[in-house]
Amino acid sequence: MPLSLSNSGIFMKRFYLVDCNNFFVSCERVFNPALLNKPVVVLSSGDACIIARSNEAKALGIPMGAPLYEYEALIKKNNVHVYSANFSLYGDMSSRVMQTLGECASELEVYSIDEAFLHVSDHNFPVNYSSRFYYTSYGHHLKSLIKTRIGLPVSIGIGPTKTLAKISAEFAKKNPVYDGVFDISERPDKEQLLQLIDIKDVWGIGRRYGKKLIALGIKTAYDFMGMDDAWVRKNMTINGLKTLHELRGISCLDLEDVQEDKKTICVSRLFGEKLTAIEPIREALASYVSSAARKLRLQKSITKQISVFIVTSKYHDPHNYFRSMSFELSMPTSYTPLLIKAVHRCLEQLYKPGLQYKKVGVVLSDLVAADCLQLSTYEQTPDLNNQSILMKTMDIMNSRWGRDKIFFAACGTKQLWKMKQTRKSQCYTTNWNELLTIKV
DNA sequence: TCTGGGGTCCTAGGACCC
DNA sequence: TCTGGGGTCCTAGGACCC
């Protein structure tokens, strides 16, 4: 079996993966140190599911993605601190981390809100760095820099490929001996280490493929490395083959350091409670599409196609459970009032009186750059210019004074549809009125 | 009774064209 | 019994990620 991970030479390019530990929980802890060493969980929007857990909460057996109601008793019994998601706080803390990493790397890929891949080159290292372990030493430097500047703990994995860097990060996180930084390329015992990695935990092998592989007796990353290329290509697509090669130490996935524009933008949320009347659903939809349009303008795009979907309970109403419709706009746009009109038209078609709706959503697709808009002569009206000025003004005002300081009347003021978020911490870093106060 | 939200990519198969 | 060959485009469905 072709299992050797050769060429771990010192000059080989390394991938770093920096991963913030229990990110949402750690953000809460920065501003509330009383939470340190205590079990803490953070909930999804609408307080429905548990989407982040401190190590202490994990130790209690609370799984990722679990619905809150199933664990309410356990939470109460063990005094678990519970927070509603505070995405403006987490987003801001994330951009601080990425800013610091950007200063320390030759290339940076912001992979998610709490993870980044990077390359470092010689000029990032201090002059007196020597020894073949300097990649690891630099990892420790990055780790303490983020702790000092931002207050967040991170784990850092290093490897000859992205997939192996991910695996390194798991060792860094789980085994205290490594003090948060691990480089698999330095290890003579790589193969034994990869035998410790559950196949389902390999980046790119999800639940489905994991199950399929286990049925074939492939239980670990090491087992997978010995598989036949052709079989993997046929049964797991080109992406499976890339994962296979990456595990063997052949880099197939590069850093993607330019942020690509989104190809679709989707905004959807559960209602706080089930809705039957159309009016609050119209308002929720207007509000969601306003937010989608703001994201659209942020990346300087316009949309040609808009879809709306509406969801009832799967159990009560299997026939009407999910209904959607979409249509092409006569002219691509990012002008919120036109988009509100469009989603309301869709809703008229989809809505049936008497049903209990629990969620609605809007998807903007077929996005193109705003400056690509081709206009025929008769379409070049002053209106277009006014629309763009109005949107720009709104966006500037809302970014300066806070989200939704001004909004369209169609979004309503009662917000009957709004989800509950009863346990949210303050926006310590993004709202002047919610700064941390310290009593002495 | 109550189970998130927001993305990307790949592939097979059908429609259509010359 | 016979029923081309090769291409493109679109879509739905299935997989993955955090």
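Quick note on labels: first sequence line is chain A, next is B, and so on, each numbered from 1. All figures in this text were calculated on a predicted structure; none of them were measured in a lab.
For A/Glu109 and C/dC18, the CD to P distance is 12 Å, given to the nearest whole Å. Atom pair A/Asn235:CG and B/dA12:P shows a separation of 11 Å (rounding to whole Å applied). The distance between atom CD of A/Glu72 and atom C1' of B/dT1, rounded to the nearest whole Å, is 13 Å. Rounded to whole Å, the distance from CG on A/Asp19 to P on C/dC17 is 14 Å. In this structure, the CD atom of A/Glu115 is 11 Å from the P atom of C/dC17, given to the nearest Å. Separating the CD atom of A/Gln356 from the C1' atom of B/dT1 is a distance of 11 Å, rounded to the nearest angstrom. Taking atom CZ of A/Phe24 as the reference point, atom P of C/dC18 lies 13 Å away to the nearest angstrom. Atoms NZ (A/Lys358) and P (B/dT3) sit 5 Å apart, rounded to a whole Å.
In this view, A/Ala169 and A/Leu17 satisfy the side chain to side chain contact (heavy atoms under 4.5 Å, CB included) rule, not counting sequence neighbours. With sequence neighbours left out, the salt bridge (Lys or Arg N to Asp or Glu O under 4.0 Å) criterion links A/Arg208 to no other residue. Every salt bridge (Lys or Arg N to Asp or Glu O under 4.0 Å) that A/Arg297 has, sequence neighbours left out, goes to A/Asp395. A/Glu283 pairs by the salt bridge (Lys or Arg N to Asp or Glu O under 4.0 Å) definition with nothing, not counting sequence neighbours. A/Glu328 pairs by the salt bridge (Lys or Arg N to Asp or Glu O under 4.0 Å) definition with nothing, not counting sequence neighbours.
Sorted by first then second residue, the salt bridge (Lys or Arg N to Asp or Glu O under 4.0 Å) pairs that include residues 329-347 of chain A, not counting sequence neighbours, number zero. Applying the salt bridge (Lys or Arg N to Asp or Glu O under 4.0 Å) test to pairs two or more places apart or on separate chains, none has a residue in residues 69-80 of chain A. Among residues at least two apart or in separate chains, salt bridge (Lys or Arg N to Asp or Glu O under 4.0 Å) pairs with a member in residues 110-120 of chain A are A/Glu115-A/Lys166.
When distances run from any side-chain atom of A/Trp203 to the nucleotides C/dC17, B/dC2, B/dG6, the shortest one goes to C/dC17. When distances are taken from the side chain of A/Cys266 to each of C/dC18, B/dG7, B/dT3, the shortest belongs to B/dG7.
Stem regions for DNA chain B, each three or more consecutive Watson-Crick or G-U pairs with both distances under 3.5 Å and listed by first number, read B:5-18 with C:5-18.
Note on A/Leu43: nothing from the nucleic acid sits closer than 4.0 angstrom, heavy atoms only. Nucleic acid contact for A/Leu270: sugar-phosphate only, since backbone atoms but no base atoms lie under 4.0 Å from a heavy atom of the residue. Heavy atoms of A/Lys166 sit under 4.0 angstrom from primed sugar atoms or phosphate atoms, though from no base atom. Within the nucleic acid shown, A/Val202 comes within 4.0 Å of sugar-phosphate atoms alone, with no base atom in reach, counting heavy atoms only. At the heavy-atom level, A/Gly46 lies nowhere under 4.0 Å from the strands shown.
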Run the side-chain donor-acceptor check on residues 53-68 of chain A: report pairs under 3.5 Å with partners two or more places apart or on a different chain.
{"from": "A/Arg53", "atom 1": "NH1", "to": "A/Ile62", "atom 2": "O", "distance (Å)": "2.8"}
{"from": "A/Ser54", "atom 1": "OG", "to": "A/Lys38", "atom 2": "O", "distance (Å)": "3.4"}
{"from": "A/Ser54", "atom 1": "OG", "to": "A/Val40", "atom 2": "N", "distance (Å)": "3.0"}
{"from": "A/Ser54", "atom 1": "OG", "to": "A/Glu56", "atom 2": "N", "distance (Å)": "3.4"}
{"from": "A/Ser54", "atom 1": "OG", "to": "A/Glu56", "atom 2": "OE1", "distance (Å)": "2.9"}
{"from": "A/Ser54", "atom 1": "OG", "to": "A/Ala57", "atom 2": "N", "distance (Å)": "3.2"}
{"from": "A/Asn55", "atom 1": "OD1", "to": "A/Asn22", "atom 2": "ND2", "distance (Å)": "3.2"}
{"from": "A/Glu56", "atom 1": "OE1", "to": "A/Arg29", "atom 2": "NH2", "distance (Å)": "3.0"}
{"from": "A/Lys58", "atom 1": "NZ", "to": "A/Asn22", "atom 2": "OD1", "distance (Å)": "2.8"}

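Across the interface with DNA chain B, nearest-nucleotide mapping of A/Lys295 and A/Ala66 shows A/Ala66 to be the residue nearer the 5′ end. Positionally, the nearest nucleotide of DNA chain B for A/Tyr69 lies more toward the 5' end than for the other of A/Ser268 and A/Tyr69.
Between A/Glu273 and A/Lys358, none of the side-chain N atoms (NZ, or NE/NH1/NH2) sits under 4.0 Å from a carboxylate O, so this pair counts as no salt bridge. Under a 4.0 Å N-O distance rule, the pair A/Asp19/A/Lys173 qualifies as a salt bridge. With respect to A/Asp92 and A/Arg96, a salt bridge is recorded, a charged nitrogen being found less than 4.0 Å from a carboxylate O.
The aromatic ring centroids of A/Tyr16 and A/His119 lie 6.0 Å or more from each other.
Of the residues in residues 205-218 of chain A, A/Ile205, A/Gly206, A/Arg207, A/Arg208, A/Tyr209 come within less than 4.0 Å of DNA chain C through at least one heavy atom, sorted by number.
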List, with names and distances, any nitrogen or oxygen atoms from the protein found under 3.5 Å away from nitrogen or oxygen atoms belonging to nucleotides 8-11 of chain B.
{"from": "B/dT8", "atom 1": "OP1", "to": "A/Lys263", "atom 2": "N", "distance (Å)": "2.9"}
{"from": "B/dT8", "atom 1": "OP2", "to": "A/Thr264", "atom 2": "OG1", "distance (Å)": "3.1"}
{"from": "B/dC9", "atom 1": "OP1", "to": "A/Lys263", "atom 2": "NZ", "distance (Å)": "3.4"}
{"from": "B/dC9", "atom 1": "OP2", "to": "A/Lys263", "atom 2": "NZ", "distance (Å)": "2.9"}
{"from": "B/dT11", "atom 1": "OP1", "to": "A/Arg233", "atom 2": "NH1", "distance (Å)": "3.0"}
{"from": "B/dT11", "atom 1": "OP1", "to": "A/Arg233", "atom 2": "NH2", "distance (Å)": "3.2"}

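Separation of the C1' atoms belonging to B/dC16 and C/dG4 is 16 Å when rounded to the nearest angstrom.
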